[in-house]
Amino acid sequence: MFTRAKGTEWVEIVQEMAFSFNFDIPLQTNETIDKENKDDKAKEVALKCSEVSATVPKKIKDAVEHQPLLDPLTQIENWVPETITIGALPPLLCLNESVFEKTAPEREDSEEILAKTLTQNSDLISGVYEGGLKIWECTYNLLEYIDDEGETFAGKRVLDLGCGAGLLGILALKRGASKVDFQDYNSTVIEQLTVPNVFLNCEDDENEEKNSSPPCKRKALIATEKLQDRCGFFSGDWNSFLTLMQNKTPSPKYDIIFTSETIYNTDYYSSLHSVFCDLLDENGIVYLATKSHYFGVGGGLCLFEKFVEQNNVLQIRYLKDVEQGLKRHVVSLTFKK
């Protein structure tokens, strides 16, 4: 079970779509047959055009590596921290979601995703905003699994993929990971949420280690240095992120990749799979937390499992099932031997 210092309530809404079909079957005459032949030719041309357009790459969001500022919290107004505790895991600090949403218009946002999510009243706008400002249910399920298993990360290199608030990567830092990289689609999420959350926890760890309260500027400097030494922050789509990491010398290989609620859209399966295959160490493991099915967007675990099986590179193992509400799962992916 998990508790939050400032509780929130999740309400899941399943939108049902009603379809109606009206058929009007006309009398077949020579005139209608000629018209149908012309229509068939038009459809054939349209099909060829669609096939050509399908080969044109979709617009990508270029990957960016972000350098954390000294004390990033000073760049954010009206922030309120909350503490998330799950079992025996160390407390995880993060910016309170409700306060973050209410103060969204005051924040810097070059992508304008904060305004768009408010005006469209949506937690996800495909290709524009991929939901990183919310902490989704499956993240808690994965944290609970880690708590149950007593997993530690001493000396491990970890990637928090589609990180959002960054709780999974933050836990890895607190439990001894040597390096944690955080990646999200949106730069606003990284700058306004992920980096401040990681900084909050580094600052808190510093207080615990010293068992004292050093001057604020000194404390901020120490926390920022820890961020720079042990963390990396990236935004952009997964294809461009993968290219950026492959161009590094040496290209990183991760012992552990965390990813939660990232298989809701089947269009992203290929790029996600590529990141797993190219950035995971040969003996590494991916922890994926997901719903069985994502209503309204079409993805889910069954479809992703079929995709993985067709590619025949990785194998999936079920680790944890959650039956409450929409069925959810924690699974692992490793290379086939």
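The first residue of the sequence shown is numbered 1, and numbering continues consecutively from there.
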For the backbone of [Y] and the side chain of [X], can you confirm whether one donor and one acceptor N or O come within less than 3.5 Å of each other?
X      : Y      : value
Asp184 : Ile190 : no
Asn186 : Val189 : no
Trp238 : Ser270 : no

Decide yes or no for [X] and [Y]: does some side-chain heavy atom of the first lie under 4.5 Å from some side-chain heavy atom of the second?
X      : Y      : answer
Ile146 : Leu171 : yes
Phe199 : Thr194 : no
Trp79  : Pro81  : yes
Leu193 : Leu95  : yes
Val330 : Leu288 : no

With the 4.5 Å side-chain cut-off for hydrophobic clustering, are [X] and [Y] part of the same group?
X      : Y      : value
Tyr145 : Ile135 : yes
Leu167 : Val322 : no
Val198 : Ile84  : yes

_Distance-only donor-acceptor check, side chains Thr139 and Ser260, under 3.5 Å_ =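 Checked: Thr139/Ser260 side chains pair up, N/O donor to acceptor below 3.5 Å.
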*Taking it one step at a time, do His66 and Ser235 satisfy side chain to side chain donor-acceptor pair (under 3.5 Å)?*
CA-CA 8 Å; His66 299 259; Ser235 63; 2.7 Å; yes
*Given Val331 and Arg317, is the side-chain contact (heavy atoms from CB on, under 4.5 Å) satisfied, shown in steps?*
CA-CA 5 Å; Val331 301; Arg317 185 164 70 94; over 6 Å; no
*Can you name the residues that form a ring-ring contact (aromatic ring centres under 6.0 Å, His included) with Phe241, not counting sequence neighbours?*
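For Phe241 the ring-ring contact (aromatic ring centres under 6.0 Å, His included) partners, ignoring immediate neighbours, are Phe234.
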*ring-ring contact (aromatic ring centres under 6.0 Å, His included) with Phe335: which residues, sequence neighbours excluded?*
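Once residues adjacent in sequence are excluded, Phe335 has no partner under the ring-ring contact (aromatic ring centres under 6.0 Å, His included) criterion.
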*Could you walk me through whether Lys253 and Leu280 pass the side-chain contact (heavy atoms from CB on, under 4.5 Å) check?*
CA-CA 5 Å; Lys253 293 289 185 181; Leu280 186 66; over 6 Å; no
Can you list, pair by pair, the side-chain donor-acceptor contacts under 3.5 Å of residues 148-164, counting residues two or more places apart and other chains?
{"residue": "Glu151", "atom": "OE1", "partner": "Tyr287", "partner atom": "OH", "Å": "3.0"}
{"residue": "Asp160", "atom": "OD2", "partner": "Gly169", "partner atom": "N", "Å": "2.9"}

*With side-chain contact (heavy atoms from CB on, under 4.5 Å) as the test, would you mind laying out the steps for Ile285 and Asp255 before giving the verdict?*
CA-CA 6 Å; Ile285 185 168; Asp255 302 297; over 6 Å; no
*Measure the spacing between OG1 of Thr259 and CG of Leu272 and express it to the nearest 0.5 Å.*
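Answer rounded to 0.5 Å: 5.5 Å.
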Can I get a per-line list of side-chain donor-acceptor pairs under 3.5 Å for residues 294-307, giving both atom names and the distance, sequence neighbours left out?
{"residue": "Tyr294", "atom": "OH", "partner": "Glu261", "partner atom": "OE1", "Å": "2.5"}
{"residue": "Tyr294", "atom": "OH", "partner": "Thr290", "partner atom": "OG1", "Å": "3.4"}
{"residue": "Tyr294", "atom": "OH", "partner": "Lys291", "partner atom": "N", "Å": "3.1"}
{"residue": "Glu305", "atom": "OE1", "partner": "Tyr318", "partner atom": "OH", "Å": "3.0"}

Heavy-atom pair with the smallest gap, counting every atom of [X] and [Y]:
X      : Y      : value
Leu279 : Pro252 : CD2-O, 3.7 Å
Asn265 : Asp267 : OD1-N, 2.9 Å
Asn197 : Ala165 : ND2-O, 3.0 Å

Looking at residues at least two apart in the chain, or sitting in another chain, which of them share a side chain to side chain donor-acceptor pair (under 3.5 Å) with [X]?
X      : answer
Glu130 : Tyr264, Tyr268
Ser332 : none
Thr188 : Asp109, Glu111
Asp181 : Tyr254

*With sequence neighbours left out, write down each residue that passes side chain to side chain contact (heavy atoms under 4.5 Å, CB included) with Ser292, or none if nothing qualifies.*
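With neighbours one apart ignored, the set is Lys327, His329.
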*Are Asn311 and His273 close enough, and set up right, to give a side-chain contact (heavy atoms from CB on, under 4.5 Å), and what steps lead you there?*
CA-CA 9 Å; Asn311 282 272; His273 189 269; 3.6 Å; yes
*Does the side chain to side chain donor-acceptor pair (under 3.5 Å) test come out yes or no for Lys336 and Asn312, once each step is laid out?*
CA-CA 8 Å; Lys336 288 189 171 182; Asn312 199 33; 2.6 Å; yes
*Where at least one partner belongs to residues 240-251, residue pairs that pass side-chain hydrogen bond (donor to acceptor under 3.5 Å, both in side chains), sequence neighbours excluded*: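 Those involving residues 240-251 are Glu65-Lys248, Asp237-Ser240, Gln246-Asp278.
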